[in-house]
Amino acid sequence: MQRLAGLLIWLFLLEEQAFEIPINGYSEFAEYDDLVKLAPGKFPFVQENGRYQRSLPEESGEKTDDVDQVTLYSYKVQSTITSRMATTMIQSKLVNNSPQSQNVVFDVQIPKGAFISNFTMTVNGMTFTSTIRERTVGRALYSQARAKGKTAGWVRSRNLDMENFNTEVNIPPGAKVQFELHYQEVKWRKLGSYEHKIHLQPGRLAKHLEVNVWIVEPQGMRYLHVPDTFEGHFQGVPVISKGHQKAHVSFKPTVAQQRKCPNCTETAVDGELVVLYDVSREEKAGELEVFNGYFVHFFAPENLDPIPKNILFVIDVSGSMWGIKMKQTVEAMKTILDDLRTEDHFSVVDFNHNVRTWRNDLVSASKTQIADAKRYIEKIQPSGGTNINEALLRAIFILNEASNLGLLNPDSVSLIVLVSDGDPTVGELKLSKIQKNVKQNIQDNISLFSLGIGFDVDYDFLKRLSNENRGIAQRIYGNRDTSSQLKKFYNQVSTPLLRNVQFNYPQASVTDVTQNNFHNYFGGSEIVVAGKFDPTKLSEVQSIITATSANTELVLETLSQMDDLEDFLSKDKHADPDFTKKLWAYLTINQLLAERSLAPTAAIKRKITKTILEMSLDHHIVTPLTAMVIENDAGDERMLADSPPQDHSCCSGALYYGTKVASGSIPSWASPSPTPVMAMLAVGAKPLESTPPPHVNRVENDPHFIIYLPKSQKNICFNIDSEPGKILSLVSDPESGILVNGQLIGAKKAENGKLKTYFGKLGFYFQKEDMKIEISTETITLNNGSFTSRLSWSDTARLGNQRVLISVKKEKSVTLTLNKEMFFSVLLHHVWKKHPVNVDFLGIYIPPTNKFSPSVHGLLGQFMNEPSIHIFNERPGKDPGKPEASMEVKGHKLTVTRGLQKDYRTDIVFGTDVPCWFVHNSGKGFIDGHYKDYFVPQLYSFLKRP
């Protein structure tokens with residue numbers, strides 16, 4: 001959660017002076033002498049015993065009594081929140097009571113993601129003001145000042161949850177100084193409320209300490225609460241005034257109330273002032289607020305029935321989770337599992353350096369399954385490294401496959417909950433790469449939520465991971481009630497109320513619409529949309545929202561008048577008349593920054609950069625592309641404030657620690673995406689990567705055929721027992737000009753009187769493109785007319801043209817993409833060269849598709865036109881673990897046996913079990929004719945049908 005820490009002021013002697021400023025009158029600070037008597041001799045922060053002792057020049061080496069070096073006269077924070085747009089001002093006034101010049105540090109922590117908008121500093125009447133410049137210009141001005149020997153302060157740094165604004169000035173004896181900083185942020189609805197945090201840490205007693213929070217919500221306020229965060233010390237001090245649409249929270253402790261104890265000189269003001277509130281809501285299209293040429297649309301309906309959900313829990317069980325973290329995780333998971341509804345489906349993925357699944361498929365959240373999942377989790381013993389990358393990709397794959405197999409309720413929503421300390425140490429270590437992998441593979445209908453365990457969680461990473469993928473992140477601390485924290489978190493993510501939410505503003509004068517990252521609506525959160533309109537053409541804005549609830553399709557329409565809001569805001573001096581403009585700029589700039597990081601070309605990135613820069617300058621805010629130049633009127637004293645670099649833990653060039661990064665951060669089953677490239681050959685180029693089509697027809701091992709039938713949602717399998725050298729037709733479609741054939745190779749010797757055969761070579765012929773591709777266990781060869789290109793499995797490359805793309809992953813897989821819509825994946829299986837029996841072989845995966853012609857045939861191709869099957873009379877088989885059944889197909893009644901085959905995309909070594917009904921006698925009765933009918937004379941011969 002974003003937090004605000006207050007002013008930290010400390011003092012120490014320095015010989016070097018930064019600013020030499022003449023002393024003027026002190027009428028404004030006339031009451032400072034009164035404060036000196038209240039708390040003499042104490043310093044806000046010292047490293048030893050909390051006291052600061054100095055040696056006077058005439059008493060070198062001798063310690064004297066404490067003296068009050070700098071007095072904090074006033075410390076003020078004022079926040080105004082208008083329709084969730086918060087603007088905060090932090091102001092402090094100090095005086096140097098020392099007979100010597102002193103360095104004074106102004107250090108303020110602002111919420112991460114907030115935009116600094118203004119800073120001023122006054123030292124004895126000399127005023128320093130700020131302007132926003134393009135970042136390189138600002139740094140150049142800063143460098144010029146330093147080169148000329150002028151004062152040039154640097155006022156930026158960073159922390160975990162906050163960003164620091166700090167500057168240091170040297171003031172002469174008796175001098176006074178005032179600092180004032182302004183920044184703005186949007187309040188996001190989380191866990192059913194808005195939370196405004198102000199971290200108060202003045203460091204010492206203040207003559208005047210005042211915090212005011214003004215809230216103006218035209219939508220109306222449902223409740224407001226200020227929890228006790230100071231362990232009862234300031235009970236009764238916060239004063240709350242609340243009306244229907246306005247509220248005021250005041251915190252003004254006297255000097256006596258600030259003291260830790262009646263005789264203490266230390267301040268008890270050291271912690272967070274928290275304001276929680278929510279607005280009134282109805283079952284309508286949210287709140288549409290229109291003002292000054294901008295509109296803001298808040299959407300968070302309530303009182304709707306929850307939509308069934310499909311949820312994958314991904315649990316970190318590495319060694320770093322040992323002890324309290326694991327106990328918290330087990331406790332957390334028990335709480336979550338108990339809250340699953342009977343119509344929900346779930347499974348559990350746990351991971352250290354390896355990845356395991358409790359169930360390979362999603363199961364119904366019955367009492368029996370939940371109890372079994374709890375037992376599974378309780379037995380986990382943390383050990384090993386942390387492979388977050390592989391675990392998340394496995395969870396995404398399971399959800400994708402379940403969806404594509406038609407196993408999920410079409411009216412449900414899918415989500416992943418990651419529970420981890422966020423510290424990858426095995427596999428892919430670079431956080432930006434993990435983020436990219438997840439972003440590329442996760443489907444738009446899946447939301448990713450992250451739960452960080454413990455104080456040392458890399459919460460930045462988890463928050464980015466969730467925010468990019470339609471979710472939120474939450475941290476659980478070890479010193480708090482884990483169950484209640486988790487209950488609050490899960491109450492939000494467990495109540496999906498709407499899916500496929502779409503906003504439409506049909507009026508032509510409405511432009512530049514942007515929104516936050518929610519695609520589906522979860523209870524407790526909020527979708528925020530902002531845009532511009534031409535007030536000379538429109539006095540009202542129309543919105544139409546379409547969405548799907550648990551029971552029906554919704555169409556929600558609203559119309560908002562500009563005059564209504566203008567009249568309301570004009571009556572309140574604390575309302576921000578520019579809130580719609582600021583909120584639109586905040587959303588738009590953040591959206592553009594996200595698009596900039598994913599820009600596919602340099603030209604697009606430059607265009608986005610230009611837009612961000614122009615908006616940052618127009619709205620006078622510090623963003624990653626701008627800097628704030630702070631200087632006096634004469635321009636001979638200068639400082640620079642710019643935004644911290646994008647998170648160092650997530651970006652290219654970042655340092656990271658752990659075991660060696662694996663050669664490929666995408667598992668072997670995550671095949672390349674169908675993105676075309678223009679160049680014919682790019683050896684060493686990175687293969688294009690994304691989630692493979694999850695429901696596929698597979699041929700593996702010696703050789704086992706697994707046919708997936710989408711309509712009946714069944715896997716049917718059979719073996720082909722033939723001879724080495726034979727070429728089998730897998731896909732033959734002369735009408736479309738597409739051919740896939742496979743040539744068999746034999747094992748090194750027979751076992752039990754039988755010689756196993758495998759596919760050692762595959763041929764792909766795309767006749768209309770005049771392209772032939774031969775893939776063996778040693779090389780990949782492309783023939784395109786007179787052009788020939790040859791690669792080995794030791795290469796990583798992609799080659800092709802606009803219609804055909806070949807992507808090679810070193811020693812793992814080849815993926816062929818035709819016209820962006822047909823995909824063929826080949827896996828390489830390596831064995832020990834000195835193995836007495838086994839040989840290297842290939843596996844092939846082809847998704848069912850309607851892109852072939854109706855006449856397509858072959859051992860795989862014939863099933864692109866799905867036959868009707870009926871499986872019945874399931875009964876015990878000869879093997880107790882393999883039941884039998886009767887299957888009617890193509891006019892035949894066959895006896896089939898339930899068994900398991902392997903899919904090696906998720907685990908290239910051991911494979912993943914795929915349940916199927918096995919057809920005996922080389923598929924007789926299931927395939928057309930006899931398997932020998934599928935022999936062809938050459939690797940690129942079409943099948944001749946009788």
Is a side-chain donor or acceptor of Lys890 paired with a backbone partner of Phe926 at a separation under 3.5 angstrom? yes
Hey, does Pro876 have a side-chain heavy atom less than 4.5 Å from the side chain of Pro883? no
Which value, rounded to the nearest 0.5 Å, describes the distance between Asn701 atom CG and Gln901 atom CD? 7.5 Å
Which of parallel (below 30°), tilted (30 to 60°) and perpendicular (above 60°) describes Tyr904 and His829? perpendicular
Tell me if the CD atom of Gln713 is crowded by more than 12 foreign heavy atoms within 6.0 Å. yes
What I'd like to find out is whether the side chain of Leu415 reaches to under 4.5 Å of the side chain of Asn310, using heavy atoms alone. no
Set out, in order, the CA-CA distance, both residues' side-chain angles and the distance that settles ring pair (Phe, Tyr, Trp, His ring centres under 6.0 Å) for Trp917 and Phe718, then state yes or no. CA-CA 9 Å; Trp917 288 104; Phe718 58 93; over 10 Å; no
Between Leu392 and Leu465 the two heavy atoms that sit nearest each other are CD1-CD2, 3.6 Å
Heavy atoms only: give me the nearest Lys812-Trp793 pair and the separation to one decimal. C-CZ3, 3.8 Å
With a 4.5 Å heavy-atom cut-off, do Glu811 and Leu828 have their side chains touching? yes
Using 0.5 Å steps for rounding, measure from the OG atom of Ser414 to the CG atom of Leu448. 12.5 Å
Apply side-chain contact (heavy atoms from CB on, under 4.5 Å) to residues Leu728 and Phe935 and explain how you reach the verdict. CA-CA 5 Å; Leu728 296 175; Phe935 289 166; 3.3 Å; yes
Using every non-hydrogen atom in the two residues, find where Lys756 and Asp702 come nearest and quote the distance to one decimal. CD-OD2, 3.4 Å
The reported gap from CD in Gln443 to CG in Leu399 (rounded to nearest 0.5 angstrom) is 8.5 Å
Heavy-atom closest contact (Val426 atom, Leu429 atom, distance): N-CD2, 3.4 Å
Using side-chain heavy atoms (C-beta onward) and a distance below 4.5 Å, is Asn387 in contact with Glu390? yes
Taking NZ in Lys902 as the centre, count heavy atoms belonging to other residues, nucleotides or ligands within less than 6.0 Å. Is the count above 12? yes
Spacing of OG1 belonging to Thr897 relative to CZ belonging to Phe918, to within rounding of 0.5 Å: 8.0 Å
With side-chain contact (heavy atoms from CB on, under 4.5 Å) as the criterion, how do Val919 and Val889 come out once you've worked through the C-alpha distance, each side chain's angles and the decisive distance to 0.1 Å? CA-CA 11 Å; Val919 180; Val889 58; over 6 Å; no
How far apart are the closest heavy atoms of Asn441 and Asn400, and which atoms are they? O-ND2, 3.8 Å
List the steps and the verdict of side-chain contact (heavy atoms from CB on, under 4.5 Å) for Leu842 and Leu827. CA-CA 6 Å; Leu842 303 172; Leu827 267 59; over 6 Å; no
Under 3.5 Å, side chain of Arg698 to main-chain N/O of Gly843, donor-acceptor pair present? no
For Asn354, does its backbone N or O pair with a side-chain atom of Asn352 as donor and acceptor, under 3.5 Å? yes
Under a 4.5 Å cut-off applied to non-hydrogen side-chain atoms, are Tyr758 and Asp840 in contact? no
Quick check against the 3.5 Å criterion: does Ser853 have a side-chain atom that pairs as donor or acceptor with the backbone of Glu735? no
Inspect the contact between Lys851 and Glu821 and indicate whether a charged nitrogen and a carboxylate oxygen are less than 4.0 angstrom apart. yes
Determine yes or no for a side-chain-to-main-chain donor-acceptor pair under 3.5 angstrom, with Asn697 supplying the side chain and Tyr708 the backbone. yes
Would you call Lys754-Asp721 a salt bridge at under 4.0 Å N-O? yes
Please lay out, stage by stage, how Val814 and Phe824 fare under the test side-chain contact (heavy atoms from CB on, under 4.5 Å). CA-CA 8 Å; Val814 175; Phe824 309 86; over 6 Å; no
Does His835 reach the side chain of Val837, with side-chain heavy atoms less than 4.5 Å apart? yes
Counting distance only, does the side-chain N/O of Arg359 pair as donor-acceptor with the main-chain N or O of Val348 below 3.5 Å? no
Measure from the side-chain N and O atoms of Glu428 to the backbone N and O of Lys430, and report whether any donor-acceptor pair falls under 3.5 Å. yes
Inspect the contact between Arg898 and Glu884 and indicate whether a charged nitrogen and a carboxylate oxygen are less than 4.0 angstrom apart. no
For Leu939, does its backbone N or O pair with a side-chain atom of Asn741 as donor and acceptor, under 3.5 Å? yes
From OG (Ser403) to CG (Leu362), nearest 0.5 Å: 10.0 Å
Can you confirm whether Lys748 is buried at NZ, in the sense that more than 12 heavy atoms of other residues, nucleotides or ligands lie under 6.0 Å from that atom? yes
Report yes if the side chains of Ile398 and Asp361 come closer than 4.5 Å at any heavy-atom pair, otherwise no. no
Are the side chain of Glu866 and the backbone of Lys711 linked by a donor-acceptor contact shorter than 3.5 Å? yes
Pair listing, side-chain hydrogen bond (donor to acceptor under 3.5 Å, both in side chains) test, anchored in residues 930-940, at least two apart: Gln862-Tyr934
Over all heavy atoms of both residues, which pair between Pro915 and Asn715 is shortest? Give the atoms and the distance, please. O-CB, 3.5 Å
Do Ser412 side-chain atoms and Asn409 backbone N/O form a donor-acceptor pair below 3.5 Å? yes
For the residue pair Tyr845 and Glu700, establish whether any side-chain heavy-atom pair is separated by less than 4.5 Å. yes
Supply the atom-to-atom distance Phe705 CZ to Cys916 SG, rounded to the nearest 0.5 angstrom. 13.5 Å
